[in-house]
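Below, chains carry the letters A, B, ... as their sequence lines are ordered, and counting in each starts from 1.
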Protein chains: 2
Amino acid sequence: MGSISKHTLQRLPTYLAYLKSLPCADNACISAAAIAAALELGEVQVRKDLSAVGSAGKPRIGYPVNDLIQHLEYFLGYSTRNRAVLVGVGNLGLALLSYGGFADYGLDIVGAFDSNPALIGLQIDGRPVLSMDELPTFCQRENVQIGILAVPSAAAQPCCDALIAGGVRAVWNFAPVHLKAPDGVLIQRENMASSLALLSYHLKQPERN
Amino acid sequence: MGSISKHTLQRLPTYLAYLKSLPCADNACISAAAIAAALELGEVQVRKDLSAVGSAGKPRIGYPVNDLIQHLEYFLGYSTRNRAVLVGVGNLGLALLSYGGFADYGLDIVGAFDSNPALIGLQIDGRPVLSMDELPTFCQRENVQIGILAVPSAAAQPCCDALIAGGVRAVWNFAPVHLKAPDGVLIQRENMASSLALLSYHLKQPERN
DNA sequence: AACAAATAAGTAAAATTATATCTATAAAAA
DNA sequence: TTTTTATAGATATAATTTTACTTATTTGTT
Ligand SMILES: NC(=O)c1ccc[n+]([C@@H]2O[C@H](COP(=O)([O-])OP(=O)(O)OC[C@H]3O[C@@H](n4cnc5c(N)ncnc54)[C@H](O)[C@@H]3O)[C@@H](O)[C@H]2O)c1
Ligand SMILES: NC(=O)c1ccc[n+]([C@@H]2O[C@H](COP(=O)([O-])OP(=O)(O)OC[C@H]3O[C@@H](n4cnc5c(N)ncnc54)[C@H](O)[C@@H]3O)[C@@H](O)[C@H]2O)c1
């Protein structure tokens, strides 16, 4: 990563979502302490995170909410659109395709792909479901930078390779497998099994945490 | 957490999935180095993680694959069933309900809830969709320990409270909000916005990582 | 059968990274 | 002007990962 730490980066969307949920008086300000209390974080951590995105607060005043939102959105790239394709239009893939919220994060899913002939030719909220053969050329032509993988584990690596062949530089993988990719391509795994492990482990603990 | 670190705990399911994907000769063994290479981790880290679950390997031999799988499954509680309910049978909720894979992780979704009357009374793969009114009593009667939240952000906190009122001790939250819960209740957020932030940030970098 | 070489696990220490505490400074309000 | 309150920077603590080193076991060789 660049200069910002991964953990900080992962917290930023949470700040943003919280700020956006606030009743918005136009010139309202908020203190780092208030943000920290709402999100159950340390207030120093909040300040450090916010200073990393280039926001400065004023003593006794705090941070101007609207400025902060703009800074965060700019830093997270929500204003610059990222074009993505989805591979695997199954249960999960369909949910992701139908989800309107991604647009808020600057993510535009412009097409979907599946190996199942029954699905090919469908339109889902205006996005076409295409054959896997068309994937690399489509990605190149449409200038797609992000691939979203919602295929079974066994199909994940070949699909990932196809995305990379199409010029995709970042892959969001929902399948429970580790994928290999060349340097310069980021594989981000949405690891639900890890989340479940934490839940399950917590339940096994007698009465702690 | 107990004695094991959170990061270690999160890696364990990945080891398990990898080991299970291996062509299984019955008494086969695998070295920490081989696991590390496959998952692109440090080999010492693999050894430390595996020793944390109580597995011991033999020099020159490695770890017996089947034993390791059993150790991991036991440690992660995949053998002891966890009963869960889903709240919010929308796009995402339906995908989660329909997903067969959770059973492998010891998670049994035994019921679903929604505020939309049109959905109440449906059966999805044998699980009933019930009214929100019934949530607390259902959870208590059915001994539900885990709640899965797939409702809109605005509804998340009240739904979470209802789950906790029903005796749920761990909540898996897919809504992009921070939830508050009393001590002893774990809130695990599946933070897709964070994942997207990492992807988006990576794409903004000139040509690094 | 004994011994050396090779391989892999286990342990300890160092370095990195992340978080928390503390002090100083600056701005607003009394 | 003084007091209060909040940020910014420096320092300290804690957690995690990496590096280095030691120990143990098998395999091959004499
Ligand atoms: N559904 C969930 O809630 C959920 C949760 C966690 C993880 N996942 C993971 O997400 C992935 C998808 O899950 P799902 O429930 O949507 O599965 P699914 O079986 O419903 O959908 C998979 C889709 O991928 C398509 N597909 C299969 N092989 C393909 C290939 N080689 N190329 C292109 N498309 C192909 C299938 O036609 C199908 O449409 C799986 O890896 C699963 O483990 C799903
Ligand atoms: N769909 C996705 O791919 C996706 C991805 C990331 C995050 N999310 C998040 O997951 C949540 C659900 O997303 P979705 O796309 O399934 O939304 P959705 O609108 O399709 O489904 C929401 C469901 O919740 C129900 N609901 C609303 N208020 C409720 C209440 N007070 N009590 C009980 N049920 C209630 C609705 O009736 C509906 O069935 C949202 O918070 C969303 O931000 C979804």
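Qualifying ring-ring contact (aromatic ring centres under 6.0 Å, His included) partners for A:Phe102, counting only residues two or more places apart in sequence or in other chains: A:Tyr99, A:Trp172. Every residue was checked against the side chain to side chain contact (heavy atoms under 4.5 Å, CB included) condition with B:Ala17, not counting sequence neighbours, and none meets it. For B:Arg127, there are no side-chain hydrogen bond (donor to acceptor under 3.5 Å, both in side chains) partners at least two apart in sequence or on another chain. Under the side chain to side chain contact (heavy atoms under 4.5 Å, CB included) criterion, A:Pro64 pairs with A:Cys29, A:Asp67, sequence neighbours left out.
Looking at A:Ser195 and B:Glu190, their side chains do bring a donor and an acceptor atom within 3.5 Å of each other.
The list of ring pair (Phe, Tyr, Trp, His ring centres under 6.0 Å) pairs with a residue in residues 135-154 of chain A, not counting sequence neighbours, reads A:Phe113-A:Phe138. Screening residues 140-155 of chain B for side-chain hydrogen bond (donor to acceptor under 3.5 Å, both in side chains) gives B:Arg83-B:Glu142 as the qualifying pairs, with residues at least two apart or on separate chains. Counting only residues at least two apart or in different chains, salt bridge (Lys or Arg N to Asp or Glu O under 4.0 Å) contacts with residues 143-165 of chain B are absent. For the ring pair (Phe, Tyr, Trp, His ring centres under 6.0 Å) condition, the pairs that include at least one residue of residues 26-77 of chain B, sequence neighbours left out, are A:Tyr201-B:Phe75.
In the 5' to 3' direction, nucleotides of DNA chain D lying under 4.0 Å from heavy atoms of chain B begin and end at D:dT16 to D:dT27. First and last contacting nucleotides of DNA chain C toward chain B (any atom under 4.0 angstrom from a heavy atom, 5' to 3' order): C:dA6 to C:dT11.
For A:Lys180, the NZ atom sits in a packed shell: over 12 heavy atoms of surrounding residues, nucleotides or ligands are nearer than 6.0 Å. Crowding of A:Lys58 atom NZ: a count of heavy atoms from other residues, nucleotides or ligands under 6.0 Å not exceeding 12.
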- request: Would you please test A:Tyr15 and A:Asp49 for side-chain hydrogen bond (donor to acceptor under 3.5 Å, both in side chains) and show each step?
  value: CA-CA 10 Å; A:Tyr15 296 132; A:Asp49 287 347; 2.6 Å; yes
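The stretch residues 32-51 of chain B touches DNA chain D through B:Val44, B:Gln45, B:Lys48, each having a heavy atom within less than 4.0 Å of the strand. Shown for residues 55-75 of chain A: residues whose heavy atoms fall under 4.0 angstrom of DNA chain C, namely A:Pro59, A:Arg60, A:Ile61.
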